[in-house]
Amino acid sequence: MFEELHDVERRHEELAHRMSAPDAAQDPAAYAALMREYKQLEPLVETYREYVRACGEMAELEEAGRQSGLDDEFKAMLQQEACENARNRTELEAKLKLLLLPRDADDDKSVILEIRAGAGGEEAALFAASLWRMYTMYAAKQGWRTEVISLSETELGGVKELILDVEGVGAFSKLKFESGVHRVQRVPETETQGRIHTSTVTVAVMPEAEEVELTIDPKDLRIDTFRASGAGGQHINKTSSAIRVTHLPTGMVVECQDQRSQQQNREQALKVLRSRLLQQKQDAYDAEYNARRHSQVGTGDRSERIRTYNFPQGRVTDHRIGLTLYKIDDVLNGDLDLVVEPLTLADQEERLHQRETGTA
């Protein structure tokens with residue numbers, strides 16, 4: 001079983017040898033590509049090596065058990081070790097099957113993350129700001145870079161709408177399960193009577209599209225300039241640096257005014273437009289498949305609540321997998337892997353089930 005992984009192990013060793021060569025770092029881009037592939041293969045190779053060791057240990061135990069003249073105590077010890085070995089091999093086999101599942105082609109990409117206040121007025125906007133903080137802190141822990149592309153705030157510091165660029169290898173693989181409706185239950189900061197309110201915030205996560213993936217005909221674009229509004233002093237008031245890009249075939253509109261120059265705003269607006277168009281194209285392609293899926297894990301279905309943050313109970317519940325954590329402060333302070341890792345595992349297990357039952 002898993003004989004094909006011998007070639008994967010050899011490739012992993014080859015990558016390590018090439019990266020250790022004296023001239024390996026002379027081409028930074030090539031070296032980075034080698035490192036990415038090496039890290040992608042590492043969990044699979046390490047698990048495979050554990051599995052091979054476990055199989056070798058089982059062979060040794062079976063050989064020892066065939067010897068004559070063994071006393072009952074030694075036989076019992078061998079049997080116990082064999083049972084433990086069998087459990088270990090079963091777990092490793094299951095882990096290898098998950099690791100061998102095809103990866104999402106977008107997993108290594110950076111993302112465009114959009115947060116919008118939903119039902120609940122100012123309280124929804126304040127919680128949208130809390131989610132912005134959560135994702136920014138999580139990105140920092142992952143070593144990713146974040147940049148605000150567009151931001152619309154309320155007078156009390158809430159967020160009506162935010163578009164955030166999250167740059168880093170693997171950002172989409174971690175954040176893709178965040179798309180959906182996030183519900184908060186708490187006594188609002190603006191409420192003095194102590195009543196618990198329920199508000200919602202929507203989150204959309206899209207893989208950042210490369211220019212080579214999606215070609216936009218310049219004739220299909222209308223680009224308007226206007227004066228930016230909001231903080232920024234004289235520069236904001238005296239220059240028409242804000243950009244509005246309209247994609248004529250779809251009617252999709254993107255505005256950007258948070259950069260210092262018209263060119264920077266134009267580049268950021270086009271980046272968001274490319275990602276939205278790519279997501280639209282992907283959504284259309286996957287529509288029939290997604291309709292058949294039984295689980296909401298990874299579907300990005302924005303029409304349904306995916307998670308509840310209950311402050312009075314200190315509870316975070318992800319409704320897609322029935323996960324409940326009484327660690328709301330940890331999650332909102334950026335320890336999002338508490339939720340992301342169980343979601344990733346649930347998605348892998350479902351895809352494995354579909355593969356084995358032929359329902360994918």
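Small disclaimer: the values here were computed from a predicted structure and weren't measured.
When hydrophobic clusters are built by joining Ile, Leu, Val, Met, Phe, Trp and Tyr residues whose side-chain heavy atoms come closer than 4.5 Å, directly or via intermediates, Val148 is grouped together with Val111. Hydrophobic cluster membership differs between Leu273 and Leu248, with clusters built from Ile, Leu, Val, Met, Phe, Trp and Tyr side chains linked at under 4.5 angstrom. Tyr326 and Met134 are members of different hydrophobic clusters when ILVMFWY side chains are connected at heavy-atom separations under 4.5 Å. Val339 and Met137 fall into different hydrophobic clusters, where Ile, Leu, Val, Met, Phe, Trp and Tyr side chains are chained together by heavy-atom contacts under 4.5 Å.
Using modelled atom types and a 3.5 Å distance limit, the side chains of Gln185 and Gln313 yield no donor-acceptor pair. With no hydrogens or angles considered, a side-chain donor-acceptor pair links Glu267 and Gln263 at under 3.5 Å. Using modelled atom types, one finds a donor on one side chain and an acceptor on the other under 3.5 Å when comparing His319 with Arg305.
Here the closest heavy-atom approach between residue Ser275 and residue Ile112 is recorded as OG-CG1, 3.5 Å. Residue Gly120 comes nearest to Ser199 through the heavy atom pair CA-OG, 3.6 Å, listed as atom of the first residue, atom of the second, then distance. Considering all non-hydrogen atoms of both residues, Pro43 and Gln40 come closest at CD-O, 3.5 Å. Heavy-atom minimum distance, Arg186 versus Pro312: CA-CD, 4.2 Å. When all heavy atoms of Pro207 and Leu278 are compared, the pair lying nearest together is O-CD2, 4.5 Å.
Taking OG1 from Thr198 and CD from Glu123, the interatomic distance works out to 9.5 Å, rounded to the nearest 0.5 Å. Of the inter-residue distances, the one linking Glu42 atom CD with Leu99 atom CG reads 12.0 Å to the nearest 0.5 angstrom. If you take CG on Leu336 and CZ on Phe177, they are separated by 11.5 Å, rounding to the nearest 0.5 Å. In this structure, Leu92 CG and Tyr51 OH are separated by 8.5 Å, a value rounded to the nearest 0.5 Å. Taking CZ of Arg266 as the reference point, atom CD1 of Ile223 lies at 4.0 Å (rounded to 0.5 Å). The structure places CZ of Arg36 at 13.0 Å from CG of Leu41, a figure rounded to the nearest 0.5 Å.
Each ring pair (Phe, Tyr, Trp, His ring centres under 6.0 Å) pair with one or both residues in residues 8-28, not counting sequence neighbours, appears once here: His12-Tyr38. Applying the ring pair (Phe, Tyr, Trp, His ring centres under 6.0 Å) rule to pairs touching residues 117-139 yields Phe127-Tyr309, Tyr138-Trp144, sequence neighbours excluded.
For the pair Lys75 and Asp71, the salt-bridge criterion is not met [side-chain N within less than 4.0 Å of a carboxylate O].
In this structure, Glu255 and Ile243 have side chains that are not in contact, with every pair of non-hydrogen atoms separated by 4.5 Å or more. Residues Leu221 and His247 have side chains in contact (heavy-atom distance under 4.5 Å, counting atoms from C-beta outward). Counting only heavy atoms from C-beta outward, the side chains of Val52 and Arg49 never approach each other to under 4.5 Å. Side-chain atoms of Ser179 and Val205, non-hydrogen and from C-beta on, do get closer than 4.5 Å to each other. Between Val340 and Asp337, some side-chain heavy-atom pair lies under the 4.5 Å cut-off. No side-chain heavy atom of Leu332 sits under 4.5 Å from any side-chain heavy atom of Val316. A heavy-atom distance below 4.5 Å is not found between the side chains of Val253 and Val245. Looking at heavy atoms from C-beta onward, Arg307 lies in side-chain contact with Glu178 at the 4.5 angstrom threshold.
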Inset, instruction - Go through Arg11 and Glu14 one step at a time and tell me if the salt bridge (Lys or Arg N to Asp or Glu O under 4.0 Å) criterion holds. - result: CA-CA 5 Å; Arg11 174 61 179 169; Glu14 177 191 344; 3.1 Å; yes
Inset, instruction - Go through the steps to decide whether Thr308 and Arg183 satisfy the test side chain to side chain donor-acceptor pair (under 3.5 Å), and finish with yes or no. - result: CA-CA 5 Å; Thr308 295; Arg183 183 176 72 171; 3.1 Å; yes
Inset, instruction - Go through the steps to decide whether Glu356 and Arg351 satisfy the test salt bridge (Lys or Arg N to Asp or Glu O under 4.0 Å), and finish with yes or no. - result: CA-CA 9 Å; Glu356 291 180 341; Arg351 288 193 292 127; over 6 Å; no
Inset, instruction - Apply side chain to side chain donor-acceptor pair (under 3.5 Å) to the pair Glu350 and Gln354, showing each step before the final yes or no. - result: CA-CA 6 Å; Glu350 181 181 340; Gln354 291 175 340; 3.3 Å; yes
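The hydrophobic cluster around Leu352 extends to Leu98, Leu101, Leu345, counting ILVMFWY residues whose side-chain heavy atoms fall within less than 4.5 Å of a member.
With a 6.0 Å cutoff to the six-membered ring centre and a 45° limit on the axis angle, Arg244 counts as a cation-pi contact of Phe226.
For Asp107, the salt bridge (Lys or Arg N to Asp or Glu O under 4.0 Å) criterion is met by Lys176, not counting sequence neighbours.
One N or O on the side chain of Asp27 and one on the backbone of Ala30 form a donor-acceptor pair closer than 3.5 Å.
Within 6.0 Å of the CG atom in Asp23, the count of heavy atoms belonging to other residues, nucleotides or ligands exceeds 12. Crowding of Glu13 atom CD: a count of heavy atoms from other residues, nucleotides or ligands under 6.0 Å exceeding 12.
Here the options are Lys327, Arg133, Lys141, the test is side-chain hydrogen bond (donor to acceptor under 3.5 Å, both in side chains), and the partner is Asn333; only Arg133 passes.
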Got a list of side-chain donor-acceptor pairs under 3.5 Å for residues 149-169, not counting sequence neighbours?
from, atom 1, to, atom 2, distance (Å)
Thr154, OG1, Glu122, OE2, 2.7
Thr154, OG1, Gly158, N, 2.8
Glu161, OE1, Arg116, NE, 3.3
Asp165, OD2, Lys271, NZ, 3.0
Glu167, OE1, Arg145, NH2, 3.1
Glu167, OE2, Arg145, NH2, 3.2

Considering only distance and modelled atom types, tabulate donor-acceptor pairs under 3.5 Å from the side chains of residues 54-65, sequence neighbours left out.
from, atom 1, to, atom 2, distance (Å)
Glu63, OE1, Arg66, NH2, 2.8

